[in-house]
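Note sheet for the following structure.
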Amino acid sequence: MALRSLFSRKSLAGLSAASRTSSCLDSRALGLAGLSQSRGLKTASLPDLPYDYGALEPAISGDIMQLHHQKHHQTYVTNYNKALEQLHEATLKGDVGTVVKLQSAIKFNGGGHVNHSIFWKNLAPVREGGGEPPHGSLGWAIDTHFGSVEALIQKMNAEGAALQGSGWVWLGLDKETKKLVVDTTANQDPLVTKGATLIPLLGIDVWEHAYYLQYKNVRPDYLKNIWKVMNWKYAGEIYQQECP
Amino acid sequence: MSSCNVFAPSCHLQVFLANDSCHALYNLKAPPFMLPSPAKKQSSPFDRRRRASKAVAYFGLKPPPYQLDALEPHMSKKTVELHWGGHHRGYLENLNKALAKDDVLYSYTMDELITVTYNRGNPLPIFNNAAQVWNHDFFWESMQPGGGGIPELGLLDQIEKDFGSFTNFREKFVEAALTSFGSGWVWLVLKREEKHLAIVKTSNAFTPLIWDDINIYHLCFSQHAYYLDYKNERAKYVNAFMDHLVSWNTAMGRLARAEAFVNLGEPNIPVA
């Protein structure tokens, strides 16, 4: 139990460090740099949630949180590790065809792992500050770029509701221009696939598994309510690191 | 190249007589609660003066050819209600709303609409709604209570010819459904040029119709199709679909009609 939480803290720390610099999404980190380590592959593992499954009610039900974490996210982790093993073998053998064939599985499952790891940190129970609007430099930047936090929320909700099929809606920071952006990605594509300099601050999962049991097909209601448990503190910390 | 597609589920038209005092609905099957509200009159440059009555027609929501709870326990009534009454109806209402504003596209048949708005790979916004209405009509008809099992006659022969055996085909179909990401459909199509059956995956609204292939049946692997019944266990859903839901009768009928357009009996004579 202690060992498991040690591993998950490590992987969570490793992942959050990586997500700050977005180097873990870089193909080099996923592929060859990792493989050149002398001691085997660095596989992914399911991070623990920093709160109970039921802690985000009534915005998101405990059932959904449990399924989402224990089934969906775990599946992404498992399948990513499988694909990584296969990639390792194919690379050693020089089997270029298989290397290329595995890319979509790695992008999908690895992306799913990356995105959901960020997602769990984007949410917080109300008693731990979930839903509290952003302060400091991020709040100021939002007011500058979007007019107000409400305007930003409206924009993200509109884009999230309009997204066809499965995907994510993001509040991102372009680390070169230091501008905030709202963007969407399809399936499990991480935000970097929309721009190499984009860093995710907040992501909202609009796959149906994220809300269907509770909100059925009324995605706009889910989008309205998720802001009540949004962890702006985390977004603010990431922002301050990039824009001190 | 056929612009007249006899394989489409008949898109159920509603005709409105729109005038000041009378809204008459000529409608075949749907009960009142699901009808879209009467649309405003189409204005045209030639219609300067308001006539006593003018007919405008929009697409209607066609109900599945069975009761909403008929697919239990493999697909619950709740799922069908939401999938048909929520998702499918949403696409339809958005389609009609868009058509009300577009004089050119308004008059097209469903198949023409899909082909034209696909715009050779650069789809217009209305494509999404039109194609999804078509896809969902096709979906309800591809299932039946007491379905599943093994097809017979010409369809079974053709499957054995193109896949080796039905078991092999079923395996490939299920595999395709399980390895697809996100939202979309897995189809059994008859390829017009190559004259054989094939399994095709498409995402979101896309349908092999746009590549002029003939659709035989399909499965919706979007999460809203199975989440309430199976949660994350897509494999259980796909197997239940193949074992208990897929309407081989409908599929056989579609293949039989396809043979009027594709000569499956032609031998493959190599050109010297």
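Letters A, B, ... mirror the listed sequences (proteins, then strands); counts begin at 1. Model, not experiment: these values are computed from the prediction.
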Do other residues, nucleotides or ligands put more than 12 heavy atoms under 6.0 Å from A:Lys224 NZ?
no
Kindly assign one of parallel, tilted or perpendicular to the pair A:His72 and B:Tyr227, based on the angle between their ring planes and the thresholds 30° and 60°.
parallel
Interchain contact, A:Asn217 with chain B, by part (heavy-atom threshold 4.5 Å)
both
For side chain to side chain contact (heavy atoms under 4.5 Å, CB included), just list the numbers for A:Tyr212 and B:His224, CA-CA rounded to whole Å, side-chain angles, deciding distance to a tenth of an Å, and then say yes or no.
CA-CA 7 Å; A:Tyr212 212 77; B:His224 61 248; 3.5 Å; yes
Region of A:Leu213 that comes under 4.5 Å of a non-hydrogen atom in chain B:
both
So, for B:Lys78 and A:Lys216, which heavy atoms are closest and what is the spacing to 0.1 Å?
CE-CE, 4.1 Å
Does any backbone or side-chain atom of B:Asn204 lie under 4.5 Å from a heavy atom of chain A? Answer side chain, backbone, both or neither.
side chain
Quiz: residues 151-166 of chain A side-chain donor-acceptor pairs under 3.5 angstrom, not counting sequence neighbours:
unit_1	atom_1	unit_2	atom_2	d
A:Asn157	OD1	A:Trp227	NE1	2.9
A:Gln164	OE1	B:Asn128	ND2	2.9
A:Ser166	OG	B:Ser183	OG	2.7

Does B:Gln67, at its CD atom, have more than 12 non-hydrogen atoms belonging to other residues, nucleotides or ligands within less than 6.0 Å?
no
Under 4.5 Å heavy-atom distance to chain A, tell me which part of B:Tyr91 shows up: side chain, backbone, both or neither.
side chain
